[in-house]
Amino acid sequence: MQEKGSISIHTENIFPIIKKFLYSDNEIFLRELVSNAVDAVQKIKRLSSLGQYNGSLGAPLVEVAFDKEAKTITISDNGLGMTAEEIKKYINQIAFSGAEEFVEKFKDAKDAHELIGKFGLGFYSAFMVADQVEIQTLSYQEGAQPARWICDGSTEFEITEGSRTERGTSIILHVNGDSEEFLDKYKLQGILDKYCRFLPVPIKFGTKTEYDYEDTAVEEPVEGEEAKSKDPKEIELDNIINDTTPIWTKAPSELKDEDYLKFYSELYPMSEPPLFWIHLNVDYPFNLTGVLYFPKVKNEFELQRNKIKLFSRQVFITDEVKDIVPDFLMLLHGVIDSPDIPLNVSRSFLQADSNVKKINSHISKKVADKLAELFKNDRKAYEEKWSDIGMFVKYGMISEDKFYDRAKDFALFTNTKQEHFTLSEYKEKAQTLQTDKDGTIIYLYTTDPAKQDSFIQSANRKMYDVLLMNSPIDSHFIHTIERKLEKTNLKRVDADVVEKLIAKDEKIESILNEEQTTSVKTIFEQAISKPNMNVKVEALGPDELPVTVTMDEFMRRMKDMAAMGGGGMGFYGSLPDTYNVSVNSNHKLVSRILAADAVDQGTLAKQAFDLAMLSQGLLTGADLTEFVNRSVSLI
Ligand code: ADP
Ligand code: MG
């Protein structure tokens, strides 16, 4: 039997095009060929279970081997094999049915994945690394003859009688001069680890294949140090490189916590154990399995995106899961496996794909369900984990309204006393004392409990509660909360003197008359003598501080945003820091200053102002030096 023919495409020599455009991603030839081998093994299993094949199956196996001297890489399987007719049908024609379209569109293609899948070029990706590709195959069908196909990268191919004696297929790549890097144990091992680590059929990796052993004498030493003293069977055992049943393919009921933790440490060897995980298992309206982990992160700067691996039927595809996983969950780790995600199409298509949208919202819902369950089942444990979980939840609430609605029942506020409240519990707590005269509830918060301590103490004296909002995400979270909660405002605890933070109707009487008030103002203005310090004399409780320096909430937020590089905030960024200096007319010290002689008035006012600045860490440089010198002389 010998037949020569032409691969049925209308364009001469498509291979140079493939090589050129797929070059950067050429390692995926191995993924494609091993996937085909795995498919072939699974097909024969299915045929057997359907009673359409009655021969013995043997242990399912795919083998990848390379021979440095012969410059070959061989991918063999004991799958269903092909007859010569099938080769013509599946390899020569079908695979290239999209070739014309391919040539027309290749200019727009962005990466190899896109081309390979879209045009059914899986098998032909072999030509990215080989200048000659050979198929040796024997079909499972009764009376089938072994067949051999060989093609040198032109459109000419040749089919002759093959030499295979056992059912299955071997693809032999005669590696081209530019691709000799692939004739390396570590290189191939690395690619197999990346794409084939969880394939459902055992994959053996070595320097020669079982198929070769039949051809050559078993006694012949096998290349590679370890292998030398062992017989082929042992090598087979040693070199299975994949886990055929990774945990996401199993039912959650079969798995223990240890299994999840072990899998996590296999995927992310140096990481701390995860906080918890979610086992995804959907079969309608789309197919999706996977395990997502909430990583333990020490700080936000450590957050790593692209830690979720996307698989399709256990074949690794990518760790760029953007668009498939909701943006705020990109911080999660783990795996997702779905045959329903169109893997080989452009990003914009992916975003519009309805399955992708469903998957996206399903994942978001599952995560919310899991959190709700943790919260409900063991609130204490949940609260203990809140400092880690909170970041995800807040991020989710900020970025997705739907998630906000689900999360509002298990999102927590933490106050300076480390007590936790749900949003509704907190409203309950705050509304009695912290509602202002217009009926707006004011939530007070601190971004830095140490620096803002004197303000926190003032608030606590009034029985006001102060929330901790000290992570970078909180400034965004505050905006979301204000947008979502009715008649609720958040104010940083140092945004004003305590009496004014939450404006009430009751008014504290000043012990100073109008004339005295004016002269206190003048004394302080002259003593401070800084244009960005806006002095006000106000009647506060006698226990409150004599002088308080504050920055208006709105002003401060604008400045914060400008500092963070917020768009359009340049104007606020360019303003000098403007502060309000509130002088408490009811404080003893203020009466004393008023009663002092002219020289002392200035010194004492300056001293009281500097103390206020000092308590907030605002006193620096020459002002600080001057303060120290003045304090020494006052002592
Ligand atoms: P796809 O895998 O998407 O069908 P490929 O180009 O990878 O496209 O393969 C084309 C066809 O060639 C396969 O559908 C299959 O029928 C056949 N084929 C490829 N490799 C093998 C193999 N190892 N064993 C049996 N058939 C194979
Ligand atoms: Mg394929």
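Both ligands and their constituent atoms are indexed starting at 1 by order of listing.
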- Check ion pair E86-K89 (N to O, under 4.0 angstrom): no
- Task: Report, in ascending order of atom number, the atoms of ligand 1 lying under 4.0 Å from any heavy atom of G122.
- Result: 6 (O), 7 (O)
- Message: I'd like to know if E32 contacts ligand 1, where contact means a heavy-atom distance under 4.0 Å to any ligand atom.
- Response: no
- Item | Atom indices of ligand 1, in the order listed, that fall short of 4.0 Å to a heavy atom of A40 | 22 (C), 24 (N), 25 (C)
- Message: Can you tell me if K370 has over 12 outside heavy atoms packed within less than 6.0 Å of its NZ?
- Response: yes
- Item | Within-cut-off N or O pair, Y124 and ligand 1, under 3.5 Å | no
- Check which protein N, O or S atoms are less than 2.8 Å from the Mg ion (ligand 2) and report how many there are. 1
- Item | Sub-3.5 Å N/O-N/O distance, F123 and ligand 1 | yes
- Query: What atoms in ligand 1 come closer than 4.0 Å to a heavy atom of I91?
  - Reply: 12 (O)
- Message: Centroid separation under 6.0 Å, is that true for the rings of Y264 and Y260?
- Response: no
- Item | For Y395, ring-ring contact (aromatic ring centres under 6.0 Å, His included) partners two or more places apart | none
- Query: Between D39 and K43, is there a salt bridge with N-O shorter than 4.0 Å?
  - Reply: no
- Counting only heavy atoms, which portion of I75 has something under 4.0 Å from ligand 1: side chain, backbone, both, or neither? neither
- Message: Angle between ring planes, F328 versus F403, binned at 30° and 60°: parallel, tilted or perpendicular?
- Response: tilted
- Query: Are the ring centres of F29 and F182 closer than 6.0 Å?
  - Reply: yes
- Is D39 in polar range of ligand 1, meaning some N or O pair under 3.5 Å apart? no
- Message: Under 3.5 Å, is there a donor on one side chain and an acceptor on the other for Q141 and T83?
- Response: no
- Query: Hey, would you say the F123 and W149 ring centroids sit under 6.0 Å apart?
  - Reply: yes
- Item | Intermediate values then yes/no, side-chain contact (heavy atoms from CB on, under 4.5 Å), F276 and I389 | CA-CA 10 Å; F276 57 89; I389 308 170; 3.9 Å; yes
